[in-house]
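Basis for what follows: all heavy atoms, side chains included, without hydrogens, waters or symmetry-related copies. In what follows, chains carry the letters A, B, and so on, assigned in the order in which the sequence lines appear, proteins first and then strands, with residues in each chain numbered from 1.
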Amino acid sequence: MLVHTFVHLPHVGRKTEQKYWAQGIQNWESLLSHIKEKSLASSRFYEIEKALLNTFDNHRNPLYFNSLLPARERWRLYPDFMENCVFLDIETTGVSTWENKITVIGLYDGKEFKQFINGFNLEEFENEIYRYELIVTFNGSTFDLPFIRYFFRHFDPPAAHIDLRYVMADLGFRGGLKSIERELGLERPSEVEEFSGWEAVWLWERYRNGDRGALELLLEYNRQDVVNLKKLLEFACEKHVGEYVSNFIDYRLPWKSL
DNA sequence: CCTGTTCGTCTTGCCCGCGT
DNA sequence: ACGCGGGCAAGACGAACAGG
């Protein structure tokens, strides 16, 4: 998907990108040749050419695109970097970054699922997260990542980040993760079905007071959250491609090409 | 409850490309 | 060849809103 992407270039927004696509200019290579002669006469096209050359150099570097793509466009990173992608969700004792602490972090790479639990193996998270170049969350830019940053003393995972909240909002799905899941008909097992964030706080408290089963339930709740992120992102990619890309470009998402 | 981030909106101003 | 109008992106700012 990235080779078709132009919105990260200066002076190019969605409309300009679509204009190029409609003209049959559909990847970096062909845009570069289209721009070349123009760039001598025009400062705008010169800047675009410069950025394009940078793009070729960085085509395997998600952090480059991360800073240039607006939040609602970051879904485009997934098809290119899904091999080193991880879905992330944390549980805490409350919403205040400095007052509360992390209880559980769940990671799902699309196949394997791992959890890091406060008082057990939470410190190992920092080493584990280095293995990935793309992180996917829901509302992580205002919650999970600042929490992690504070908890691990200014540690920022060196990865690009897709926040599904903005990707979904761009498709017209506003509201919390649970309400969007319900809207899409993503089912959850009944034990954790009606849980809200408050339950996670309460379950940790019960576990601290000796209730072993409460921790099991909390971990299961966290697991559901993380695993559903993948379904949500793939839905979002399909919807974005269907509504925005496929009118112009014959593009197939990797998991759809079989 | 609290807080950080992105967005929505509006304005500004650049520069492309049309029309003559 | 040139001037002008319009389209579009960038910048600034305040507000909404999601997480446990």
Any base atoms under 4.0 Å from A/Ser42, or only sugar-phosphate, or nothing? Heavy atoms, all strands.
sugar-phosphate

Taking the nucleotide of DNA chain B with the nearest heavy atom to each, does A/Ala169 or A/Thr97 sit closer to the 5' end?
A/Thr97

What contact category does A/Trp98 fall into here, base, sugar-phosphate, or nothing, at under 4.0 angstrom with non-hydrogen atoms?
sugar-phosphate

Tell me whether the NZ or CZ atom of A/Arg76 lies within the 45° cone about the ring axis of A/Phe81 and under 6.0 Å from its centre.
no

With a sphere of 6.0 Å drawn around CZ of A/Phe155, does it hold more than 12 non-hydrogen atoms of other residues, nucleotides or ligands?
yes

Could you state whether A/Leu69 and A/Met168 fall into the same hydrophobic cluster, counting links through intermediate Ile, Leu, Val, Met, Phe, Trp or Tyr residues with side-chain heavy atoms under 4.5 angstrom apart?
yes

Only distances under 3.5 Å count here; give the side-chain donor-acceptor pairs of residues 235-243 of chain A to other protein atoms, sequence neighbours excluded, each with its distance to 0.1 Å.
unit_1: A/Glu238; atom_1: OE2; unit_2: A/Trp255; atom_2: NE1; d: 2.8
unit_1: A/His240; atom_1: ND1; unit_2: A/Ala236; atom_2: O; d: 3.2
unit_1: A/His240; atom_1: NE2; unit_2: A/Asp170; atom_2: OD2; d: 3.2

Terminal contacting nucleotides, 5' and 3', DNA chain B versus chain A (heavy atom, 4.0 Å)
B/dC1 to B/dG17

Would you say CH2 of A/Trp21 has more than 12 non-hydrogen atoms from neighbouring residues, nucleotides or ligands within 6.0 angstrom?
yes

Sugar-phosphate only, base, or nothing, as touched by A/Arg149 at under 4.0 Å among non-hydrogen atoms
sugar-phosphate

For the pair A/Phe87 and A/Tyr78, name the ring-plane relationship: parallel under 30°, tilted 30 to 60°, perpendicular over 60°.
perpendicular

Just wondering, are more than 12 heavy atoms of other shown residues or ligands nearer than 6.0 Å to CZ in A/Arg60?
yes

Describe the nucleic acid contact of A/Lys101 in one word from base, sugar-phosphate, nothing, applying a heavy-atom distance below 4.0 Å.
nothing

Indicate for each nucleotide in nucleotides 7-20 of chain C, in 5' to 3' sequence, whether protein heavy atoms under 4.0 Å reach the base (B), only the sugar-phosphate (S), or nothing (-).
-SSS------BBBB

For A/Trp202, does the six-membered ring have the charged nitrogen or CZ of A/Arg206 within the cation-pi criterion, i.e. under 6.0 angstrom from the centroid and within 45° of the normal?
yes

